[in-house]
Trainee: 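The structure's right below; bear with me while I get my questions together.
Every chain is numbered from 1, with letters handed out A, B, ... down the list of sequences. Only this structure's heavy atoms are used, side chains among them; waters, hydrogens and symmetry mates stay out. These figures come from a predicted structure and were not determined experimentally.
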There are 2 protein chains.
Amino acid sequence: MSLSLAEENYLKAIYHLSEDGTKDVLTNALADSLSTKAASVTDMIKKLSVKNLISYKKYYGVNVTAKGKRQALQVIRKHRLWETFLVQKLDFAWDEVHEIAEQLEHIESPRLIEKLDKFLGYPTVDPHGDPIPNGKGKIVIKPQIPLDQIEEGYKGAIVAVKDSDSAFLKYLEKIGAKPGKKIQVISKEAYDESMEVIVGNQKVFISKEVSKNILVTE
Amino acid sequence: MSLSLAEENYLKAIYHLSEDGTKDVLTNALADSLSTKAASVTDMIKKLSVKNLISYKKYYGVNVTAKGKRQALQVIRKHRLWETFLVQKLDFAWDEVHEIAEQLEHIESPRLIEKLDKFLGYPTVDPHGDPIPNGKGKIVIKPQIPLDQIEEGYKGAIVAVKDSDSAFLKYLEKIGAKPGKKIQVISKEAYDESMEVIVGNQKVFISKEVSKNILVTE
DNA sequence: GTATTTTTTTAGACGAGTCTAAATTTCTAG
DNA sequence: CTAGAAATTTAGACTCGTCTAAAAAAATAC
Ligand SMILES: [Mn+2]
Ligand SMILES: [Mn+2]
Ligand SMILES: [Mn+2]
Ligand SMILES: [Mn+2]
């Protein structure tokens, strides 16, 4: 009963778009996310539904079942372990790994993943700060808040980044922002919600566009 | 112009069965090797032929073109680098890696392969002793002879093994035979061509079935 | 509360890759 | 040299995943 590459990609997209299974995902949102057409999504949705991986109410979107969530988390686990490998062992920059992990996540071999996990020292987060589900699919999410919801005077640390777009990650690299780094909010402009922050030792201005994609500790 | 997974598998099988492009490969041989049906092979052959990756004479088999050989060698390069990674870094036994490499060889990312190669220290042979083509597809084959063609009194070393069957590799493991190990032929039975050999420090009897799949130095 | 717009589903088609069964070609005995 | 056997190709069908165009349902606007 193992899933095809397409099925895995759909399941993962549904899981992510549903925000970990908390809200239903609409057909067009999935089509956008997977760069495909709504009609194709409807077709695949029916198949996943028959296999009991998602629940589907016609016209009102889908969500993962318990079974589907387990499968999605396995794929996410593989994706994040491979990303970690690529950055930590092969010396890739963090903005280069997503596309490659998108392929590697579909390699089928439980033993491979076990051994990779061990080789990497059982990491709990990937290079983007995203938590890595364990072998049983359990995922420990650290409390985290989008930086745009933070007020002046805040001191904390970056936990993760939301966007996996390469240009965004390159920009973060440039300003020295990555998971683990300390961050302070010096001032916040009421008009456009842009911010002046200190990351590492550097003072930088960031727009709301950026701050909403940076997740920080409480 | 990148190839599909199926195309890559066919091309690699043709290259191997043709013994590095030296003889034509027949439809049924290909079907056996790929665990598919002759009719499917004929279909795919036509496609590869149109793409100028193989030359095809109806009813008389196929062989790789220069272009096809280049592509096949790239896939083989990836396969053998991944096998090396699995054994050297992830601590897999050498009989466990073939199936996984069969999947990993299709991951598309030139940068990944470059970096993997570097990470492994630019190995020249894989865990089975098979040469790893370099980035340009150049392959250095060490002189090697099947052990069954060797006579009494021979002293040399194992260069590679032919069969990637797991049971065969496990057997070799048991008798301590692997690429790099020294080997001597103590005696050879004329009747069935079985041999008494010393591998490492151990004296063992091996059948022709085994000796023909062990490649040794001259 | 009806009309228009937006979203989703259905209908029908296509390419990739595979299969079985039938036709064709080549090989091999005698 | 020819009949039968063996190998290969062709014909037609199927699944998977995708697409476009048309139909249907839901949301929204007035
Ligand atoms: Mn993927
Ligand atoms: Mn990530
Ligand atoms: Mn393969
Ligand atoms: Mn090998």
Trainee: If you compare every side-chain N and O of S4(B) against the phosphate oxygens of dG17(C) (OP1, OP2), does one of them come in below 4.0 Å?
Mentor: yes
Trainee: Is it the case that T217(A) and Y154(A) place a side-chain donor and acceptor less than 3.5 Å from each other?
Mentor: yes
Trainee: Find the distance M44(B):CE to dA16(C):P and express it as a whole number of Å.
Mentor: 10 Å
Trainee: Can you tell me the distance, in whole Å, between the CD atom of E8(A) and the C1' atom of dG17(D)?
Mentor: 15 Å
Trainee: Report yes if a side-chain nitrogen or oxygen of K37(B) is closer than 4.0 Å to either non-bridging phosphate oxygen (OP1 or OP2) of dT20(C); otherwise report no.
Mentor: yes
Trainee: Is it true that D148(B) and S211(B) share a donor-acceptor pair across their side chains at a distance under 3.5 Å?
Mentor: no
Trainee: With distance as the sole criterion, is a donor-acceptor pair present between the side chains of N9(B) and H106(B) under 3.5 Å?
Mentor: yes
Trainee: Could you check how far CG of L48(A) sits from P of dT18(D), rounded to whole Å?
Mentor: 11 Å
Trainee: Output the rounded distance in Å from CG (N9(A)) to P (dC16(D)).
Mentor: 17 Å
Trainee: All N/O contacts under 3.5 Å from nucleotides 4-8 of chain D to the protein, with atom names and distances to one decimal?
Mentor:
| unit_1 | atom_1 | unit_2 | atom_2 | d |
| --- | --- | --- | --- | --- |
| dT8(D) | OP2 | N28(B) | N | 2.9 |
| dT8(D) | OP2 | N28(B) | ND2 | 3.2 |

Trainee: To the nearest Å, give me how far apart NZ (K51(A)) and C1' (dC16(D)) are.
Mentor: 10 Å
Trainee: So, OP1 or OP2 of dC19(C): does either fall under 4.0 Å of a side-chain N or O from S40(B)?
Mentor: yes
Trainee: Expressed as a whole number of angstroms, how long is the span from L34(B):CG to dA16(C):C1'?
Mentor: 16 Å
Trainee: Just the rounded figure in Å: distance from P of dG12(C) to CG of D43(A).
Mentor: 14 Å
Trainee: Could you check if a side-chain atom of L112(B) sits within less than 4.5 angstrom of a side-chain atom of L86(A), using non-hydrogen atoms only?
Mentor: yes
Trainee: How about V140(B) and P131(B): do any of their side-chain heavy atoms sit closer than 4.5 Å?
Mentor: no
Trainee: Test K12(B) against every option in E102(B), Q71(B), Q74(B) by the side-chain hydrogen bond (donor to acceptor under 3.5 Å, both in side chains) rule and name the one that passes.
Mentor: E102(B)
Trainee: For K47(B) and for A39(B), find the nucleotide of DNA chain C with the closest heavy atom, then tell me which residue's nucleotide is more 5'.
Mentor: K47(B)
Trainee: Quickly work out the K46(A) NZ to dT9(C) C1' distance and round it to whole Å.
Mentor: 7 Å
Trainee: Given V62(A), which of L53(A), L30(A), L48(A), T27(A) fulfils the side chain to side chain contact (heavy atoms under 4.5 Å, CB included) condition?
Mentor: L30(A)
Trainee: So, is T36(B) close to the dT18(C) phosphate, meaning a side-chain N or O under 4.0 Å from OP1 or OP2?
Mentor: no
